[in-house]
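Only heavy atoms go into these numbers, but all of them, side chains included; no hydrogens, no water, no symmetry mates. Here is the naming used below: chain letters follow the sequence lines, and residue numbers restart at 1 for every chain.
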There are 2 protein chains.
Amino acid sequence: MARVMGERSEVVPLLAEVFRAYGFEGASLARITEGTGLGKGSIYNFFPGGKEEMAEAVLGEIDGWFRDQVFQPLRAVGADEAEQGVERMFTAVGRYFLSGRKVCLVGVFALGHERDRFAVKVQAYFAEWVQALAAALERGGRDAASALALSEDVVGGIQGALVLARAADEPELFMRALERMQQRLKETRH
Amino acid sequence: MARVMGERSEVVPLLAEVFRAYGFEGASLARITEGTGLGKGSIYNFFPGGKEEMAEAVLGEIDGWFRDQVFQPLRAVGADEAEQGVERMFTAVGRYFLSGRKVCLVGVFALGHERDRFAVKVQAYFAEWVQALAAALERGGRDAASALALSEDVVGGIQGALVLARAADEPELFMRALERMQQRLKETRH
DNA sequence: GTCTATAAAGCGATAGAC
DNA sequence: GTCTATCGCTTTATAGAC
């Protein structure tokens, strides 16, 4: 099973999948070594702080990806391109969650006992998402209050659709929900 | 710490809180004995099948409660009282989730590895909820397709709002989302 | 940087006294 | 029906060889 990862950063996405599949407490070191293909020794060489440091690294990478691909683009959008900026968010989100086949690790942590341990990162992720989307909606001509309300509906709707899609084992349910949310935003413009 | 529970049914709600707080894998027998006030021996006297049987019992009780308090009332509603039947659902749901301070155990299980183990019950819970609400919406004058779409939006919206409320540690976020969903149903009638 | 061996603690579950 | 004691296994984490 000898392997050479070279970079700690190469391990993080593999760790993410293990935490996503089993949660923090369910992600045993046996499952982690299986999912990463690395022995315990190698894992602890990269993450001396153990599972806690691994989860922090995973949350950090997720946050970084969303900041680059979703939050920043939403915030940077001009008044004339607000609409298409929001559309790009839906495209990126649909792709990220593999059209409903992949759940949101931050959402999983938010619901469970993990929330207390990783409170800062969990809270920041959703707060940033809601704020960035609200900013884009406001840029598109909505008043602050309804932009915030709509933004919470959409971010919450995405999380809930992931729950339903996974419960039903029917990923298409997620994509249909995404499309309805886009449609609803179009209908309620101005 | 001597106690007399008398009834197995008295233990189930206490077990529910432990599973809700820690998930299935996180709910260790130490936490279970602490949460129920019963020793391991007593617990295994009630649930010879161990944790799996405990979780089944909890899911069964949750399903029973929702069937009695939410699903059946929604399905039994007449054409003239469809609107107020849906309103009663929102009231019951707000009360059940303690205004956003309590998460949905079935939702937690749906997102995690628990989904595989309890697939039938998890799937049935959400499917029944969506169908019952869609039936009431249809009774209220909507066509089948839009009733189903709205129903998925609402049930998903409730689950997502629970995620966001817990992530932000702000239960009021959940109640505000509930009110907006009710408002939206009113606005889109006929 | 990788592995195996090992330690100490916690795990689910069982047995048996009361 | 309740408890304590205990079993065997898995857990996280460390030590040390290569």
Side-chain angles (χ1 to χ4, degrees), chain A residues 1-59 61 105 108-109 112-114 116-118, chain B residues 1-61 105 108-109 112-118:
Chain A
M1 201 196 268
R3 282 192 57 176
V4 179
M5 299 286 340
E7 296 263 359
R8 173 187 137 131
S9 60
E10 294 175 35
V11 193
V12 178
L14 299 171
L15 283 174
E17 290 313 303
V18 180
F19 283 121
R20 222 184 291 276
Y22 302 105
F24 183 78
E25 311 228 29
S28 67
L29 281 172
R31 282 167 174 163
I32 287 171
T33 58
E34 188 197 341
T36 60
L38 261 64
K40 297 184 199 185
S42 306
I43 293 282
Y44 274 88
N45 177 55
F46 286 131
F47 307 93
K51 276 174 69 174
E52 181 130 2
E53 189 177 341
M54 300 180 213
E56 291 279 3
V58 168
L59 287 176
E61 204 198 47
L105 181 64
V108 174
F109 277 19
H113 188 228
E114 296 91 340
D116 301 328
R117 209 193 280 248
F118 306 106
Chain B
M1 202 196 268
R3 281 192 57 175
V4 179
M5 299 286 338
E7 297 262 1
R8 173 187 137 130
S9 61
E10 295 174 36
V11 193
V12 178
L14 300 171
L15 282 173
E17 289 313 303
V18 180
F19 283 121
R20 221 184 290 277
Y22 301 106
F24 183 78
E25 309 228 29
S28 65
L29 281 172
R31 281 167 174 164
I32 287 171
T33 57
E34 188 198 341
T36 58
L38 262 63
K40 296 185 199 186
S42 306
I43 293 281
Y44 273 87
N45 178 54
F46 286 131
F47 308 92
K51 276 175 69 175
E52 183 129 1
E53 190 178 340
M54 299 180 213
E56 290 280 3
V58 167
L59 287 176
E61 204 198 46
L105 181 64
V108 173
F109 277 19
H113 188 228
E114 296 92 341
R115 203 223 79 113
D116 302 327
R117 206 193 282 248
F118 306 105

Problem - Where at least one partner belongs to residues 44-53 of chain B, residue pairs that pass side chain to side chain donor-acceptor pair (under 3.5 Å), sequence neighbours excluded - result: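 Only B:R8-B:E53, B:E52-B:R117 qualify under side chain to side chain donor-acceptor pair (under 3.5 Å).
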[atom2] on [Y] to [atom1] on [X], rounded to 0.5 Å:
X: A:L38; Y: A:F46; atom1: CG; atom2: CZ; answer: 6.5 Å
X: A:T36; Y: A:I43; atom1: OG1; atom2: CD1; answer: 3.5 Å
X: B:F24; Y: B:R115; atom1: CZ; atom2: CZ; answer: 15.5 Å
X: A:S28; Y: B:E25; atom1: OG; atom2: CD; answer: 8.0 Å

Exercise for the section: Take the angle between the ring planes of A:H113 and B:Y22 and call it parallel below 30°, perpendicular above 60°, tilted in between. Expected result: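 A:H113 and B:Y22: perpendicular rings.
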Practice task
Take the angle between the ring planes of B:F118 and B:F109 and call it parallel below 30°, perpendicular above 60°, tilted in between.
Solution key: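 It falls in the parallel class, under 30°.
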Exercise for the section: Give one of base, sugar-phosphate or nothing for B:G41, where a contact means two heavy atoms less than 4.0 Å apart. Expected result: base
Produce the list of close N/O pairs, under 3.5 Å, pairing protein atoms with atoms of nucleotides 7-11 of chain D; give distances to one decimal.
residue, atom, partner, partner atom, Å
D:dT11, OP1, A:S28, OG, 3.4

Handout entry: Inter-axis angle, terminal five-pair segments of the helix from C:dG1-D:dC18 to C:dC18-D:dG1 [nearest 10°]
Key = 0°
Practice task
Answer yes or no: is there an ion pair linking B:E34 with B:R31, defined by an N-O contact shorter than 4.0 Å?
Solution key: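 No, this pair does not count.
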Exercise for the section: Starting from P on C:dG12, measure out to CD on B:E34 and report it in whole angstrom. Expected result: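 B:E34 atom CD is separated from C:dG12 atom P by 14 Å.
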